[in-house]
Amino acid sequence: MRAAGPPRTAGRLALLGAVAALTLLPATPSLATPLTTPAGTLADTVSKKEPVDLDALFVGAHPDDEAFTLSTLGQWKEEHGVRAGVVTVTRGEGGGNAVGPEEGPALGLLRESEERTAVANAGVGEVFNLDDVDFYYTVSAPLTDQVWGGDTLAKVVRLVRQTRPEIMLTMDPAPTPGNHGNHQEAARLAVEAFYAAADPKAFPEQIRDEGLRPFAPARLLTGGARGTSATGQDCAATFRPTYPAQNVFGVWSGRASAERGKTWAAVERDAQRVYASQGWAGFPDVPADPAQLGCDFFTQVDARVPFPAPGTAAAASPTAVLDGALTRPAGTAPLGTRFGLRTAAFDVRPGAPFKVEVSAAAPPREPLGRSSAALRVPAGWKVTGSGDLGRLGAGRSGSATFTVTPPAQADPGRARVAATLTTERGGGYTDRQVELSPSVRGEQQPLPQVAQYREWTGEIGVPQLDGLVTPVLTLPSGGSGQVGVVVTNVSGATRSGTVRLTLPAGFTADRAEAPYSELAAGESATVPFTVTNADPALKTSNEGGDYAYTITTTSEDGTATSRPALELVPAATVPRAASAPAVDGVEGDGEYAGAALNISRLWEGTACSSAADCSGTAKIGWHDDTLYLVVHVKDDVLGTRLAADDCKRHWRTDAVEVTLDPRGTSENTSTTFKTAVLPVTAEGPPCVLRDADNRQGPGERTAPGMRVASKVSAGAYTVEMSIPMEVLPGAVDPDHLGLNVLVYDSDTQDRTGQTRIGWSTWGGVQGDPYRWGVASLPGYQPPADRPATPPDPEIPDTALSSLDSPQSLEQAVRVHLPLAGGPAAKPSRGAEVVAARSTAGGVKVTLRAAAGGKAHLFARDGQGTAGSRVVTVTRKGTTTVTVPLDRALGSGATVVAGWEASGGGTAASQVSVR
């Protein structure tokens, strides 16, 4: 276990501003059919040849994150020769395992193997693991950043500069409720790398010391889209975005693969089933009728090249994501043409002019001739300026500046400012979003994760990624809470005005309207309101959903409105027990005086078929300094009885989880207490664990003094527990204890769960403390000497090193790249395996080293690894060692070696076994 490390600094992010987003660096145009790298001799090391040149690169957090883009990547490979790779930040060692006992590095090896097999189904040959730790499920990108540390961005940038992909794909970077924090952070790394890889000031040591060159990918897109679409081959053309200014492109999964004889959706499903460790082997078949299959959608973040204009037939084409970067439709500019647009500001105001600069650059070896640009703006907006770009010879660039003025009465909101390119060699299109609003706008005070995300979008220069998550705050059912309205002055003058709340039925505020005054240019202020849920009968959790309301902010030059939402969480009073309940798995008379909590609401998975299938209630009390809970669950089929020594990752079978946030203020679960009880094990008795919280592991170690008991009967079980409040990470606030009770239901014997129900229920709620219910403990007072501040969390650090992954080593040899996105060992510190010979005791391996270091040796054949050994080399020269074998080697055997130089850097090499 380890403590979380420092995150990337704001200073590091400051290098990645909006200017880099528009850098028109010349780049060698890619071909639709990628270059093939000739196979090297088995004794080649990664430093002897040029690295693999990729066309597309997907950046994800775990094995299987790419699994829902494989239909698209497969089509691109088969039909256009696009060579794609996948960056996987972790190997998913923190996940479950539905096929065996492996965990930690052993599970990392298994999941890496699954990923390589799965993506190969779609023609993707390269997977680049970065060796960062997969700690536990969290919805916090800031916590993920702290755990992964500051070198992960450097590794992604290095891989982009080495593999030079024209298309970058990634996940959703926004803190959308339930969005895995690792997914958010992987996406943010991809966005940052898109700009940093092109910036010679970013990670200059890679250029100065490693011989890399800045590289500017052509287009950056996130997987998925917000909007609606029909299924069938018109899914791209019928897509209607939630945010009309976004550029969304679709690739239909119902197209048939000529090589495989099935739809690409079916190919993708076959690939997904390879992830058996994650319980995906039983995924159902996709519809056989192509008309029932939809698109893979991609939302464009940025582009340095022309791309299809939204709403056109070209934008709905299967090659829309590739066009301008890897494919060239008729009538468009040559590949390698750069075309970009920059606005003087993202925030613009009605009636106020702003500047727009349009730039174009010809490919390095092909002229564009006489060129010009024209602007497209919303109806009623005024444009002045000349779009003449001059005559653009090969490698030459030109720019034009326009002045754009929105009407004084223009409707606020996101708008698209677009430019078209006309040259003697073809045309093109590009655009950029702006936010049109009055000088002052008010928004509901964001949650900490959302505030951090908004700060990130500003630092990186991607304001188009902000505003995609509906701001929400929670209130306890029947309770009150403060709602702050953040008023921001985006103008250049001091402003004053009012803020008004228009609440839905069932909610009241201490005042309907409040003033703000003398708000300086560029400054923000918070206007507080106290909001009350006046109708406790309103549904809570996901059953009630978002209760939207309106914030109206006035200023001297207009009115701005926003539509945030309130979410109700259930509330409970936990009474004091006259005496301590007996923890025996039976609810004794009078032991629990409080009302029963309904824990039957669905929050994830398949709905319960009936109350007998899965439903439950819970009761809670406290006595002295201890919480007591009894949970009654109806369950007609028990899941896998895990062994007592496998009491972990409770979501694989039937389990009851109790989550406690001592003061109800935690931003993520690293400052909370989360415990789970398996009602029955293979040996019989229940077991208890902690997971994804301030401490993790077996309950007897991580929650000393906690007691559990269970009773299992036909169609039901009861779990009872006592939790000493001294084991919680901080003193309990008796007026605001965050609480949830969740039930995991499995009806199979394959160590997979199907249904999740509970008390306060939202997707991903196990990782979202702010969405847990609220409990009060009248009369309770924590000991005076108990600190309120939680201790530093323990974070698992069991990541597999690529040096211990023979598959990663073999790839490093094949594609001529160092391991894990790190630097290559310098020739003066390198080493390679030069010979391998079978002997009676194993395989005798000869290693030639230029300096001291450590060699990781693997004897391999078609069945996998037959033997391995790690050898420390103390000095320059030739070393001969024997690698012991666990079994006899088959035909075609090799030894693959990973070298860890004592001065830093890695190398890989491989030889045949004689």
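Under a 3.5 Å cut-off, the side chain of Thr170 and the backbone N or O of Thr222 do not form any donor-acceptor pair. In terms of modelled atom types and a separation under 3.5 Å, the side chain of Thr554 and the main chain of Gly497 share no donor-acceptor contact. A donor-acceptor distance shorter than 3.5 angstrom exists from the side chain of Arg432 to the backbone of Leu341, with no hydrogens or angles considered.
Within the 6.0 Å centre-distance limit, the rings of Tyr547 and Phe507 are counted as a close aromatic pair.
Judged purely by distance below 3.5 Å, without hydrogens or angles, the side chains of Thr550 and Thr502 never pair a donor atom with an acceptor atom. No side-chain donor-acceptor contact under 3.5 Å links Thr530 and Ser480. Checking Arg161 against Gln206 by side-chain atom types alone, a donor-acceptor pair falls below 3.5 Å. In summary, the side chains of Thr403 and Lys355 do present a donor paired with an acceptor at a separation below 3.5 Å, with no hydrogens or angles considered. Looking only at atom types and distance, the side chain of Thr144 has a donor-acceptor partner in the side chain of Asn182 under 3.5 Å away. Side chains of Thr176 and Arg226: a donor on one and an acceptor on the other come within 3.5 Å. Defined by atom type and a distance below 3.5 Å, a donor-acceptor pair is present between the side-chain atoms of Asp557 and Ser439. The closest side-chain donor-acceptor pair between Ser666 and Thr671 falls under 3.5 angstrom.
Annotation: Arg396, atom CZ; neighbour count of heavy atoms from other residues, nucleotides and ligands within 6.0 Å does not exceed 12.
In summary, of the residues considered (Asp768, Val450, Leu447, Val139), a side-chain contact (heavy atoms from CB on, under 4.5 Å) with Pro175 occurs for Val450 alone. The only member of Thr488, Asp347, Asn489, Thr559 that meets side chain to side chain donor-acceptor pair (under 3.5 Å) when paired with Arg441 is Asp347.
Listed by first then second residue, pairs satisfying ring-ring contact (aromatic ring centres under 6.0 Å, His included) with a partner in residues 340-362 number zero, not counting sequence neighbours.
Note on Arg771 versus Glu567: salt bridge recorded, some NZ/NE/NH1/NH2 to OD/OE distance being below 4.0 Å.
Using the six-membered ring where Trp is involved, Phe249 and Phe307 have ring planes that are perpendicular, over 60° apart on the 30 and 60° scheme.
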